[in-house]
Amino acid sequence: MTSKIKLLIFSGLAYSTCSFGQIVMPKIFNDNMVVQRDRPLKIWGSAGSGESVQVSFHGQISKTVANREGKWEVTLKAMPYGGPFRMEISGKKNKIEYDNVLLGDIWVCGGQSNMEFPISGWTNVKNYKEEIANADYPEIRLFTVEKDINTIPAAEIKGGKWEQCSPETISPFSAVGYFFGRDLYKSLHIPIGLINSNWGGTDIESWISRSSLDTSEEFR
């Protein structure tokens, strides 16, 4: 196949995808996710320019239209903890549904190797077999951000998915994050969402915003 034909096929596919204009959601939205309780809830995504979008969740319905760049967002009123619920995002061309969604508290577990080290994997916590066997907490949800490198803040993560905390899912998860979330759950008795975003050996500058670094004379 010649390069010209490949280019024509690629162009046709790109045009078809753009013209189709379906709703596309960020990768942080999955089945089994936790969304933040007691605060206005922002839901966002992309679609074809001018596409009508409707978001339905826990008795609330909000409608909007994608802007010229194909971006859209809605904000739902604050809701107390609970669930599971279903979230539906629909337009004229497609509908996306998320099941087993909980309202609770979300925590980002970010850092270097001391945050990354797992319950069991390249290291093991004390009594790890017992800890894994007892990690049956369906209202604790786990999300591990797939590692990626960007020189500027990214609009989207590379990948990841929400999972219920269980003996089958807990082994590779951050030990610090899990024990922290478990203690919160036992104390508060509400759903807990843990976002595991870390990378052992990274420079501290990787975790500091450019605007903060710009205030430092050494980094200026």
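- Taking each heavy atom of Trp122 and Ser113 in turn, the nearest pair found is CH2-O, 4.0 Å.
- Judged purely by atom type and a 3.5 angstrom limit, Asp99 has no side-chain atom pairing as donor or acceptor with the backbone of Asp31.
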For Gln60 and Met79, run side chain to side chain contact (heavy atoms under 4.5 Å, CB included): C-alpha distance rounded to whole Å, both residues' side-chain angles, the deciding distance at 0.1 Å, then the answer.
CA-CA 10 Å; Gln60 294 192 52; Met79 293 164 274; 3.4 Å; yes
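- Using bins of under 30°, 30° to 60° and over 60° for the plane-to-plane angle, the ring pair Trp162/Phe143 lands in the tilted bin.
- Linking Ile, Leu, Val, Met, Phe, Trp and Tyr residues whenever their side-chain heavy atoms come within less than 4.5 Å leaves Ile61 and Val55 in two separate clusters.
- To the nearest 0.5 Å, the span separating CD on Gln54 from NZ on Lys95 amounts to 9.5 Å.
- Between Ser49 and Asn67, the closest side-chain pair of non-hydrogen atoms is not below 4.5 Å.
- The shortest heavy-atom contact between Ser171 and Pro118 is O-CB, 3.4 Å.
- Counting non-hydrogen atoms of neighbouring residues, nucleotides and ligands closer than 6.0 angstrom, the CH2 atom of Trp107 reaches no more than 12 such neighbours.
- Around NZ of Lys147, the count of heavy atoms belonging to other residues, nucleotides or ligands within 6.0 Å exceeds 12.
- Counting only distance, with no hydrogens or angles, the side chain of Glu88 and the backbone of Ser56 share no donor-acceptor pair below 3.5 Å.
- Taken to the nearest 0.5 Å, the CE atom of Met115 stands 7.0 Å off from the CG atom of Asn198.
- The two residues Gly45 and Pro26 make their nearest non-hydrogen contact at CA-CD, 4.1 Å.
- Between the side chains of Gln36 and Asp105, a donor-acceptor pair is found at a separation under 3.5 Å.
- Taking OG1 of Thr169 as the reference point, atom CD1 of Ile132 lies at 10.5 Å (rounded to 0.5 Å).
- Aromatic ring pairs are classed by plane angle as parallel below 30°, tilted from 30° to 60° and perpendicular above 60°; the pair Tyr178 and Tyr137 is tilted.
- Residues Met25 and Leu41 share a single hydrophobic cluster, defined by chaining ILVMFWY side chains whose heavy atoms lie under 4.5 Å apart.
- Nearest heavy-atom pair across Tyr98 and Asn30 is CD2-C, 3.6 Å.
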Show your reasoning for whether side chain to side chain contact (heavy atoms under 4.5 Å, CB included) applies to Glu131 and Phe179.
CA-CA 10 Å; Glu131 295 291 357; Phe179 292 129; 3.7 Å; yes
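- The OG atom of Ser174 lies 13.0 Å from the CD1 atom of Ile195; values are rounded to the nearest 0.5 Å.
- In the model, Glu218 has a side-chain atom that pairs as donor or acceptor with a side-chain atom of Ser216 under 3.5 Å.
- Counting heavy atoms from C-beta outward, Ile89 and Phe29 have side chains that stay 4.5 Å or more apart.
- Annotation: side chain of Thr64 is not in contact with side chain of Trp44 (no heavy-atom distance under 4.5 Å).
- At a threshold of 4.5 Å between side-chain heavy atoms, the hydrophobic network of Ile, Leu, Val, Met, Phe, Trp and Tyr places Leu194 and Met33 in two separate groups.
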Audit row: Asn100, Gln164, side chain to side chain contact (heavy atoms under 4.5 Å, CB included) steps and yes/no
CA-CA 10 Å; Asn100 200 23; Gln164 292 186 164; 2.7 Å; yes
Walk me through whether Phe57 and Leu103 qualify under side chain to side chain contact (heavy atoms under 4.5 Å, CB included).
CA-CA 11 Å; Phe57 180 65; Leu103 279 155; 4.2 Å; yes
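- For the atom pair CD1 (Ile170) and CD (Glu163), the distance works out to 9.5 Å, reported to the nearest 0.5 Å.
- Between Tyr81 and Leu188, the closest side-chain pair of non-hydrogen atoms is not below 4.5 Å.
- Taking CZ of Phe173 as the start and CD1 of Ile119 as the end, the distance is 9.0 Å to the nearest 0.5 Å.
- Within the 3.5 Å criterion, the main-chain N or O of Ile157 finds no donor-acceptor partner in the side chain of Glu146.
- The two residues Lys27 and Glu156 have their closest heavy-atom pair at N-OE2, 2.9 Å.
- The side-chain heavy atoms of Leu142 and Asn196, taken from C-beta on, include no pair separated by under 4.5 Å.
- Following chains of ILVMFWY side-chain contacts shorter than 4.5 Å, one can reach Met87 starting from Phe85, so the two form part of one hydrophobic cluster.
- Under a hydrophobic clustering in which Ile, Leu, Val, Met, Phe, Trp and Tyr are joined whenever their side-chain heavy atoms come within less than 4.5 Å, directly or via other members, Val35 and Leu102 fall into the same cluster.
- Looking at Gln112 and Trp207, their side chains come closer than 4.5 Å, going by heavy atoms from C-beta outward.
- Counting all heavy atoms, side chain and backbone alike, Ala78 lies closest to Pro40 at CB-N, 3.8 Å.
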